[in-house]
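Quick notes on the structure that follows.
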Amino acid sequence: MSKYDVAIIGSGPGGYVAAIRCAQLGMKTAIIEKYPTLGGTCLNVGCIPSKALLDSSEHFHQAAHQFETHGIKINAPEVDMEKMIGRKDDVVSQTCDGVAYLMKKNKIDVLQGIGSFEDATHIKVKGDDGEQTIEAKKTIIATGSKPGNLPFIELDKERVITSTEALMLKEVPKHMIVIGGGVIGLELGSVYLRLGAEVTVVEYMDRIIPTMDSAMSKELMKVLKKQGMKFHLSSQVNAVERNGDSVLVKATDKKDKALELEGDYCLVSVGRRPFTEGLNLEAAGLKTNDKGQVEVNEHMQTEVKNIFAIGDVVRGAMLAHKAEEEGTYVAEFMNGEKPHIDYNLIPNVVYTWPEVASVGKTEEELKEAGVAYKTGSFPFKALGRARASMDTDGQVKILADKETDEILGMHICGPRAADMIAEGVVAMEYRASAEDIARMSHAHPTFTEAIKEAAMAATENRPIHL
Ligand code: FAD
Ligand code: NAD
């Protein structure tokens, strides 16, 4: 029987990063993955393929709608769906191969198969090539999540689909109805909107991306509406019926007014659920909580002390970089170190165009906590760089402590917000004040100047270019 210092079940960004860090720290490490490729949801059917399609569709959109304004004449572009999906598949397989290379480089044993506990130190691995049992002093559960659903919806995966199928459609839908105006709904809705589909979003709450700062929800919805996306907010879906190639979605709004939408595809994006099926947790002395998560303490340790859990399968944001931080944390904690994660500083991004990115507290959270704060905002339309690239939608908003000026939150809806939010993370990690950012030189002309201007606005209400 093979024996390991640590076995990791699941090779998503949580699992594979944990494996590399464990190996770097000298532990004999095995990673168990039920699928033939490594990388989990993120690399195979999540972050990477969705961003590949977002980029392709954005190029198409620019060619169709913006080239002319730039003085570039082309014939009307056409979508080659097979090629677009094929390129996405290539990006995915290169990225997954990269993880396989890293496993080899770090001398990590990759065991293909479903991992299930026999007891707290033995794991059965049932793969395509047979079955084996390994012994592991410590185990990290990193089994991730699966798409959630509403109890009355039958996901046929052809017309009533989840994000996984939406990443491999063979045609551009005529009318895609999206249930849930969160991250997946808006990102994948944007892909098909840009490619020419009619896209209608039905959202239960009174705003899209409801967990982000409400100014960002408003800003993004305004721009997406301008791009042609349609919205029904405060609307509860109560039936989804498929008739041949068409799908009928029935909902009621908050005044109980009935709404019926007919389309050819319905994307269900109402959140994801932790995944523990097949793990046989009971044999290890573990069970899930009422949300289906594996319960862990602040060290990601379960009630069985040699078993840890990280990523989407535990509490907290379902984000790849959060899973990665937890993977590193657990490896270092097991090595006797004292690692640290500040969950308040894990950034959140929606990769629409414009992008939305945030770190720290939202204005709603500060109000609820009774914190005295001040705000400073700056619109991209006042920025030379944004006008040069025709990316004038959106704004930067900074929230700072009223007394001390310490930055408490940064929220950006605008071009390259996903990359720019790193400035907010660094500033907040070092507990910078808004004035610190206001006094730092930002290269001209760049989009980051909007951050400096918003910081000036938060400090003494003295932006230069507004
Ligand atoms: P996962 O990535 O889900 O990996 C878990 C792995 O465990 C899987 O490979 C699974 O096969 C394996 N497994 C499960 N059970 C067993 C078992 N018993 N035995 C063996 N193997 C098992 N996050 C971002 O931060 N940025 C983004 O841009 C982003 N975009 C996304 C887009 C989409 C469409 C989706 C669906 C998600 C996106 N996410 C994004 C979320 C991100 O993918 C997840 O937060 C992340 O993958 C979680 O990592 P994880 O390691 O916890 O689990
Ligand atoms: P989400 O939680 O972001 O959004 C779900 C939305 O569905 C919410 O706005 C919610 O109010 C709405 N909703 C719930 N029930 C509904 C109902 N009955 N009718 C209408 N609307 C309803 O979830 P998601 O978009 O499915 O994404 C799942 C997870 O994947 C998220 O937690 C996210 O963190 C992660 N993800 C991240 C990224 C990224 O980082 N860019 C991209 C995709 C996915």
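Just so you know, ligand 1 is whichever comes first in the structure, and atom 1 is the first atom listed for that ligand. What you see is a predicted model, and the numbers here were worked out from it, not measured in a lab.
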Of the listed options M212, M318, E203, closest to atom 12 (C) of ligand 2 (non-hydrogen atoms): E203
Contact partition for P13 relative to ligand 1, non-hydrogen atoms under 4.0 Å: both
4.0 Å heavy-atom contact, V313 with ligand 1: no
Proximal atoms of ligand 2 relative to S269 (non-hydrogen, under 4.0 Å): 5 (C), 6 (C), 7 (O), 26 (O)
Protein contact to atom 35 (C) of ligand 1 [nearest heavy atom, distance to 0.1 Å]: G46 CA, 3.5 Å
Nearest protein heavy atom with distance in Å, relative to atom 2 (O) of ligand 1: T41 N, 2.9 Å
E187-ligand 1 polar pair, N/O distance under 3.5 Å: no
Test item, G327 contacting ligand 1 (heavy atom, 4.0 angstrom): no
Exercise: do Y35 and N44 side chains pair donor with acceptor under 3.5 Å: no
Ligand 1 versus K322: contacting region, heavy-atom distance under 4.0 Å: neither
Shortest heavy-atom approach to atom 53 (O) of ligand 1 - which of S145, G144, G278: G144
Any N/O pair K34/ligand 1 closer than 3.5 Å: yes
Atom indices of ligand 2, in the order listed, that fall short of 4.0 Å to a heavy atom of R272: 28 (C), 29 (C), 30 (O)
Side chain, backbone, both or neither: the part of N44 lying under 4.0 Å from ligand 1 by heavy atom: neither
A142 neighbourhood, listing ligand 1 atoms whose heavy-atom distance to it stays under 4.0 Å: 5 (C), 6 (C), 7 (O)
Distance from atom 52 (O) of ligand 1 to nearest protein heavy atom, with residue and atom: D312 N, 2.9 Å
Residue part near ligand 1, for S163, under 4.0 Å between non-hydrogen atoms: side chain
Protein contact of atom 8 (C) of ligand 1 - nearest heavy atom, named by residue and atom, plus distance: E33 OE1, 3.5 Å
Identity and separation of the nearest protein heavy atom to atom 41 (C) of ligand 1: M318 O, 3.7 Å
Contact atoms of ligand 1, heavy-atom distance to G14 under 4.0 Å: 51 (O)
Ligand 1 contact by R272, heavy-atom criterion under 4.0 angstrom: yes
Nearest neighbour in protein (non-hydrogen) for atom 31 (C) of ligand 1: C47 N, 3.4 Å
Closest protein heavy atom (residue, atom, distance) for atom 19 (N) of ligand 1: G115 N, 2.8 Å
Any N or O of I114 closer than 3.5 Å to N or O of ligand 1: no
Those atoms of ligand 2 less than 4.0 Å from some heavy atom in M205: 11 (O)
Parallel, tilted or perpendicular: rings of F333 and F308 (30°, 60°): perpendicular
